[in-house]
Amino acid sequence: MEALIKVENLKKYFEIKKSMLSKPLQVKAINGISLEIPKGVIFAVVGESGSGKSTLGRVILKLIDPTSGKVFFDGQDITSLKSKDMIKYRKQMQIVQQDPYNSLHPRKLIKDIVGEGLKIHYKLSAEEIYLRIKEILECVGLREEHMFRYPHEFSGGQRQRIAIARALVLRPKFLVLDEPTSALDVSVQARTLALLCELKENFDLTYLFITHNLAVVDYMASHVAVMYLGKIMEIGSKDDIFSRPKHPYTVSLLEAIPSVGKGKRVRMIPRGEIPSPVNLPKGCLFHTRCVQAKDICAKKDPQEVEISPGHMCRCHLYS
Amino acid sequence: METEGSNIVVSRRKLMLEDWKHTLYLWRQNKLAMIGTVIIVFFIAIAVFAPLIAPYDPVKVDLSQALLSPSFEHIFGTDQFGRDIFSRVIYGARIEVGIILLVTVISGAIGIAVGITAGYFGGVIDEILMRITDIFLAFPNLILAMALSAMLGRGVFNAIIAISLVGWTVIARLSRAEAMKIKSLPYIEAIRALGAGNLRILLLHILPMCMSPVLVQLSLRMGSIILTAAGLGFLGLGAQPPTPEWGAIVSDGRSYLVDQWWISTFPGLFIALVVLGFNLLGDGIRDIMDPRIRR
Amino acid sequence: MKRLLDVSDLRVMFHTYRGTIKALNGVRLWLNEEERLGIVGETGCGKSVSALSIMRLIDPPGEITDGEIVFEGLDLLKMSEEEMDKSVRGKKISMIFQEPVSALNPVFKVGFQIAEAIAHSNDISMDEAYKKVPESLEMVGLDWKRSMELYPHELSGGMAQRVMIAMALAVKPKLLIADEPTSALDVTIQAQILQLLDELVRMGKNAVILITHDLGIASEFCDRITVMYAGNVIEVSDSQEVFQSPLHPYSKGLINSIPIIGASKVLRGIPGSVPDLVSPPPGCRFHPRCEFCFDRCRVELPDLREVKPDHFVACHLYSDDSKEG
Amino acid sequence: SNSPAATPKDSLVIAADTQILISLDPAVCYETFAAQITEAGYSGLTSIQPVNGVLTPVPCLAEKWDILDNGTKYVFHLRKNARFSNGDPVTADDVVFSFQRLLSINKSPAWLLEEIGLTKENMQETIAKQDDNTVVLKTKPLAPNVILSILGGSWGGIVNKKVVMANEVNGDFGEAYLLDKSVGAGAGPYEIVEWKRNDHILLRANKYYWAGIPAIKQIYIKDVPEATTQFLLVQKGDADVAWRVTTEQAAQLKNSPQKGIKLVTVPSQSNEYVAMNAQWGPFKDERVLQAIKYAIDYDAIIKSVMKGFAILNQNFIPIGYFGYVEMNPYKKDLAKAKQLLKEAGYSNGFEVELLTNPTQIRTDEAIIIQSNLAEVGIKVNVTTMPASEMYAKFRQQGHQMILAGWGIDYPDPDALAKPFANYKVKQLAWRTMWYDDYAANLAEKAGQELDQARRLELYRTLQEYWIKKSPFIMLYQPLDFWVVRDNVMGFEEAATGYSITFDFTKITKK
Amino acid sequence: MRLETFIIKRLFLMLVVLFGVSVVVFVVARAIPADPVGAILGGNAPLDVVEDMTRRLGLDKPLFDQFVDFITGAARGDLGVSIKSNRPVIKDIAEFFPATLELAIVAALISVLLGVPLGIFSAVHRNKLIDHFCRVFSILGVSMPVFWTGLLLLILFYYHLGWLPGSGRVDIFTVVPPRVTGLLLMDSLLAGDFGAFKDALLHIILPAVVLGYSSTASIARIMRSSMLDVLRQDFIRTARAKGIGRKLVIYRHALRNALIPVVTIIGLTFGGLLEGAVLTETIFGWPGLGRYIVNSLLLLDYPAIMGGTLFVAVVYSLVNLVVDIVYAALDPRMRV
Ligand SMILES: Nc1ncnc2c1ncn2[C@@H]1O[C@H](COP(=O)(O)OP(=O)(O)OP(=O)(O)O)[C@@H](O)[C@H]1O
Ligand SMILES: Nc1ncnc2c1ncn2[C@@H]1O[C@H](COP(=O)(O)OP(=O)(O)OP(=O)(O)O)[C@@H](O)[C@H]1O
Ligand SMILES: [Mg+2]
Ligand SMILES: [Mg+2]
Ligand code: NI
């Protein structure tokens with residue numbers, strides 16, 4: 001399979017200042033990530049809060065510039081492109097964000113929100129724009145009359161549909177879905193996920209699906225990367241990750257999910273808290289919480305090990 | 001298509017109506033804002049219809065009528081030149097409206113331009129613009145206004161330009177904070193992902209969002225603007241005679257305060273009333289705009 | 001087992017510009033001592049409002065218009081504010097909220113905030129209360145020496161929620177109300193917190209009302225589950241039972257929406273969306289989204305009735321007359 | 001209101017706006033009000049006193065003088081008992097030092113000595129000591145009244161050389177020391193003890209004053225910038241004198257007298273004038289100037305702005321001066337004004353800017369002038385600006401029309417003829433671009449004329465010419481007025497001659 | 001960052017700002033079309049005297065040289081010599097500033113003591129009658145022209161009622177205690193002179209009330225909205241759920257949080273009071289810096305204008321620095 005997106009040793013460090021009084025700190029949001037996303041798949045990235053999932057998505061879309069590393073889109077290195085040259089690629093890759101309440105401009109009509117991309121990229125007549133918006137809204141299950149409303153008149157699920165419509169109106173090839181359903185109720189989430197699956201087929205899309213919900217990954221994805229503190233701990237096909245999880249972190253993530261209707265059970269839950277990305281642990285990033293940690297884990301950063309073709313794991317247990 | 005077109009209009013109108021209904025409701029809940037609005041509407045009406053309301057020429061000197069106390073002919077009395085105070089106050093409203101418009105436009109424009117540019121771009125641009133703002137903030141305002149109005153030449157409007165050139169700092173800080181907040185919101189990022197350039201984002205998406213807090217701030221500042229103008233008048237730098245600027249009338253009448261109290265008192269009350277109106281309205285708008293209340 | 005709490009016919013309204021939001025529409029809840037009740041439902045269905053009503057923390061424009069909240073035999077709605085403060089809030093009932101970091105006062109140290117709760121519940125001085133703080137912090141697995149001196153912003157989400165739990169349980173309440181205590185946390189931390197809560201509640205013999213939108217959590221943690229929809233309780237049952245044989249069409253739809261690892265089922269979701277509570281649909285509030293809807297549903301609000309032992313449901317499908325008809 | 005709290009009997013409390021004060025050093029001080037205080041602290045060779053209603057230079061520290069060499073040499077004999085406030089006798093050395101100091105410092109008042117021929121360059125020869133008690137001045141040939149009057153101004157105050165030089169810093173001739181006090185340095189009736197800027201000035205009676213210790217032992221001049229506040233303070237008895245109440249307040253007091261306070265008025269030694277730029281557009285035509293003179297309602301200005309506290313005097317020499325002739329030809333006469341304008345080709349009027357500074361009186365006058373001229377079709381735009389700016393513009397001949405006042409420097413017609421008529425001295429006439437050689441020469445000649453009768457005649461001719469031709473409109477001669485408490489006696493006598501002189505020694509308290 | 005480094009950095013930024021202020025004031029002052037020398041010499045002085053004086057004051061030098069002179073002088077703490085008073089400007093400032101400072105402090109105190117409680121009442125009784133009353137009362141303060149209220153109060157309390165003195169900092173016949181701080185209230189206490197203290201206190205009441213009342217509204221307004229804001233926060237619900245009672249919730253939990261933004265406003269207000277006292281100083285004969293600067297401006301006393309302005313800017317910046325530090329003290333989130 002041909003890779004639509006290729007990421008090489010990508011790093012993104014943020015400088016943050018908590019307050020006027022504090023000294024700037026370096027947040028290693030993503031810290032050396034390489035992956036390939038084949039055309040036409042749903043590639044899921046899971047991990048806990050702060051692990052750098054969104055940052056990865058944003059760097060891939062070049063919404064922020066990486067500290068180092070490269071991103072290839074369709075074979076073209078886009079990291080070094082000027083914003084003028086980038087315009088061309090903008091049409092081909094889009095994003096749907098997590099928070100449906102803040103992802104739509106509150107003072108604009110839906111038609112302006114969805115039509116914005118068309119206005120930027122094409123010189124179209126008002127009528128043509130109107131028709132295109134109408135068409136795309138119908139694709140995501142909204143009606144023409146919704147065009148003349150403001151975002152606050154919609155429920156969370158509908159807002160998410162509007163966001164999807166905004167992303168799709170330019171007919172992109174690649175979509176970053178940054179936790180598109182985590183703010184929604186399960187009943188709405190189910191329908192949104194179904195819509196996304198349908199659209200993928202209709203529009204011939206490739207998804208980078210960011211989520212913290214493993215159950216959703218299982219439902220949607222074909223490829224999964226498990227991130228922890230800016231690094232990929234385990235990457236592989238869905239089956240590799242769900243049926244043959246190798247990394248203790250992957251295992252504990254799977255364990256931690258409460259399961260419906262099975263009652264209480266004893267589980268392997270990682271101890272302690274997630275370390276701050278400002279102050280990363282030495283050695284293996286996970287060793288502070290790992291129940292299977294050995295001496296070496298605290299000293300040496302494990303290398304990536306290929307367990308089976310396409311299934312990699314970063315853990316001393318397998319090296 | 002045609003029926004659809006009309007549908008669109010209908011739904012659009014309905015929607016605006018909804019929004020207005022909400023605002024109206026909040027406004028009706030807020031009694032003080034209502035009082036403020038009434039005062040301001042009243043004030044603007046006076047300014048607009050001044051020639052119809054004022055019974056006399058505001059600048060016509062008639063010494064035979066000097067210093068009459070309030071009566072049916074001159075309900076606010078007359079001043080030392082026999083000018084009808086009521087007419088002067090009524091015509092003065094026009095000057096005040098002019099002052100307000102000018103300041104709003106000038107200090108609003110400069111403030112927003114500086115503020116959102118600094119807030120949106122951040123970094124060095126922010127640093128430079130904010131230092132400039134700091135300079136103007138640290139500058140004693142009245143003194144800068146005095147100096148500028150001396151530089152620009154006399155007259156209320158020059159004084160007002162001077163005041164606005166001083167007064168934009170607050171607006172700049174406010175819109176900078178607002179722009180910084182907004183630029184990090186997901187919807188701006190989404191627009192950037194669509195390929196919009198900085199200018200487009202700044203003007204079409206960030207600017208409209210900064211407007212309402214800025215308007216609130218401006219309406220709250222109106223009062224202090226009228227007062228600063230009046231203060232310049234007290235120091236002899238404001239309106240040129242015989243302009244019926246309220247502050248100038250109050251300050252001219254001050255030596256009559258003990259015996260011919262009406263000369264200062266009525267325009268003084270009008271200043272207080274209008275400033276009060278703007279403050280109440282500004283406070284009210286702020287409450288109404290408050291997203292936490294609005295939701 | 002003794003009945004601890006009995007809420008009946010609770011009605012709460014919010015007066016807003018759009019009209020009156022009928023947030024709770026005759027809610028019925030009950031709870032025995034040491035029992036754990038889960039309340040689940042979609043967003044906006046009135047879970048938090050129910051919890052806050054029990055604490056009498058509904059602020060204007062909200063108003064409790066009707067109902068009874070009988071706690072240990074006393075109707076809380078008839079008590080004065082002072083009595084509530086003196087004998088109920090922070091004494092017999094305590095609460096944990098969703099966003100732990102923002103639920104703590106940013107300008108006071110953790111130790112102070114816990115001590116304050118202890119002082120009030122035991123009617124002792126702050127100095128004495130301070131002495132008991134380490135004990136509470138240790139109970140939730142925190143290093144008390146360090147954490148006492150911290151400000152809330154210096155805590156991570158998990159730590160903050162531990163502090164909240166320490167604070168809520170330090171007063172040894174009869175009833176602990178936890179409103180989405182783990183929704184803001186990561187999965188692994190969420191599991192830790194639930195485990196901790198489970199242990200502590202078992203030790204302290206507290207009754208718990210756990211509010212969540214995650215049915216998995218409810219089913220693992222609770223003895224009994226109440227499903228709410230648009231201000232009504234629509235199903236109450238043992239937690240296993242609800243998942244294995246839900247009765248109400250809404251409960252069914254909800255359960256069918258949950259993705260489960262390994263179970264390769266098609267997620268169905270529920271069509272339509274939650275009604276606007278200003279003008280809720282007449283009759284059963286779920287009827288516009290219900291595939292089994294019939295005439296009666298459109299006009300008559302169904303009662304919560306026991307259709308199986310300990311399994312209550314509010315749906316005309318299960319009413320006696322409908323069986324006949 | 002309740003009963004006033006009286007101030008002590010031997011003290012005088014004056015509420016005044018002292019903001020305008022710059023220095024109390026006789027070599028620097030030049031402002032009206034400051035000059036009065038400086039005079040109290042320093043006596044000169046002569047002083048100005050009203051004699052039979054005319055302000056005249058009379059002996060002061062010099063008990064007599066001889067005028068020699070056709071009025072170019074003056075020999076002054078100093079009073080034996082004249083002493084400074086520290087007891088030092090006043091000697092010829094002090095006098096020579098004082099004048100040379102004035103010229104060396106060369107601040108605002110220095111030009112007055114130059115006027116009479118004493119300059120920085122020639123001061124070693126022209127100012128000389130004959131013996132310890134005699135001083136000789138070599139002057140320009142000028143009327144003796146001019147010279148003696150100039151010497152009687154505040155700048156003529158004699159300082160104590162010893163004290164001043166002991167307090168000199170960086171060769172400043174003690175300027176910093178004398179800035180705000182006269183301790184030990186002056187021979188006036190009072191010693192300036194301290195001046196706390198924007199707060200108060202304290203004067204204490206000079207124990208060694210040659211004419212005897214004054215009745216009032218202490219004078220507090222309290223800084224009260226706002227006229228209304230000044231008035232209230234006197235009404236309440238917290239101050240004895242309000243130095244600058246507004247005309248409205250004075251009028252109010254005149255019309256309805258109040259218990260405990262009274263109004264004191266004296267003719268002011270100043271003029272209120274309008275100057276039209278003779279080289280500006282319509283003003284180049286004399287008929288336009290005339291027309292404007294006929295359009296103004298002088299009575300209205302005196303009555304409604306000055307509330308009657310002014311004397312109609314359309315010439316530049318004030319009442320009571322040598323050379324004064326009553327000559328008030330102009331009265332509001334619209335027909336005549338319009339006629340003149342028509343002749344000049346301005347029957348439709350024109351637009352003109354009137355500059356003035358924003359005091360209440362000036363703006364009020366400006367409004368009346370504006371409304372008067374509007375009646376003949378001239379549109380006046382009034383522009384007010386601080387005096388500093390206004391004078392700058394005037395000095396640069398940048399005005400079209402200006403409304404201002406002229407305070408007289410010394411009580412001689414020369415002090416007015418020169419600025420108002422002689423453009424060569426680069427004064428008012430020059431500023432308003434009235435380059436009239438006839439008037440200039442006449443003014444110069446009159447100043448030098450020693451014969452009184454001929455001098456009188458010259459001034460009469462000049463005034464007749466001036467009143468017709470000049471681009472000046474003399475609005476009135478103001479009255480100065482004070483509000484004082486009833487128990488303050490002799491204030492009017494003390495104030496006569498203000499602002500050329502003010503004699504605190506004449507004040508007593510009941 | 002340590003506190004010291006923070007302060008040093010802020011002081012450095014302050015220098016940058018002050019340099020900017022000097023440039024602006026220099027440019028603005030020179031751009032005024034008027035000549036200072038003429039202003040000082042008065043209307044009667046002939047031209048050559050004016051020219052001579054201009055030369056002596058160095059006003060004929062190239063503007064750039066004048067500016068460099070000013071800046072280098074200012075860096076050494078020498079603000080030049082006032083043209084008008086012929087005294088070092090810094091000395092003049094030292095003389096006038098304490099009076100302004102004292103007035104500003106008392107006025108700030110009044111506005112805080114009025115504004116904070118009014119704001120709290122308003123917020124706690126939101127939309128009730130007392131809220132309306134508090135808001136209107138505080139807003140009236142900013143609504144009335146200071147010179148007008150000043151005169152009215154003067155006529156009432158001094159002239160008619162005779163309760164308070166009319167003008168100045170102390171009675172003429174009061175012996176002023178030796179100057180230590182320049183603040184009369186302080187100095188008289190230091191000297192143990194209670195008579196003088198009482199006198200000074202009586203004198204400061206009227207001007208301080210006039211000045212302070214005018215800035216009450218901004219404090220009350222921020223207090224109210226920040227209190228409302230805080231009362232909506234989650235932690236208030238936590239506190240209420242603890243059952244500690246309404247009073248403690250408001251005064252212990254809400255107040256301290258609500259005060260945080262108010263501190264900034266108090267700082268800004270204080271800055272405003274320092275410079276905005278001109279009108280009050282004029283009416284009450286208060287020998288302060290505001291009048292000094294305005295007067296210098298009217299006379300175009302360049303060194304005094306520039307020195308005075310620069311000084312006010314320094315004080316303003318220092319006040320804001322202090323505010324930031326207090327802010328950090330109040331809000332633990334701001335600490336290191
Ligand atoms: N603009 C930024 N400036 C500074 N730090 C940032 C910025 N964006 C992200 N970070 C930091 O980078 C780290 C990774 O953030 P990111 O948003 O990518 O995490 P995430 O995996 O998406 O988490 P979540 O599940 O909470 O969305 C976090 O510690 C975050 O605080
Ligand atoms: N302060 C308020 N003002 C107006 N309406 C309110 C207020 N609080 C709650 N409501 C309304 O009451 C209803 C129930 O809200 P509640 O917060 O109990 O929902 P919930 O079940 O807790 O939802 P979530 O899962 O989002 O927390 C909602 O429709 C909401 O709009
Ligand atoms: Mg994220
Ligand atoms: Mg809730
Ligand atoms: Ni979740």
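Letters A, B, ... are given to chains in the order of the sequence lines, protein chains preceding strands, and every chain is numbered from 1. Since we're looking at a predicted model, the values are computed, not measured.
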Of D:Thr363, D:Thr246, D:Leu232, the largest count of non-hydrogen pairs under 4.5 angstrom with chain B goes to D:Thr246
Do you know which of D:Asn381, D:Ile367, D:Thr228 has the most heavy-atom pairs under 4.5 Å to chain B?
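Counting heavy-atom pairs under 4.5 Å, the top option is D:Ile367.
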Applying a strict 4.5 Å limit to non-hydrogen atoms, the region of D:Asp364 in contact with chain B is both
Turns out that what part of D:Ala300 lies under 4.5 Å from chain B's heavy atoms comes down to both
Rounding to 0.5 Å, atoms CD (D:Glu248) and CD (B:Gln260) come to a distance of 8.5 Å
Using side-chain heavy atoms (C-beta onward) and a distance below 4.5 Å, is [X] in contact with [Y]?
X	Y	result
B:Gln80	D:Lys307	yes
D:Ser371	B:Lys60	no
D:Lys303	B:Leu63	no

**Asked** Just wondering, more than 12 heavy atoms not from D:Lys332 lying within 6.0 Å of its NZ?
**Response** yes
Exceeds 12 heavy-atom contacts within 6.0 angstrom, atom CZ of B:Phe42:
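12 or below, so no.
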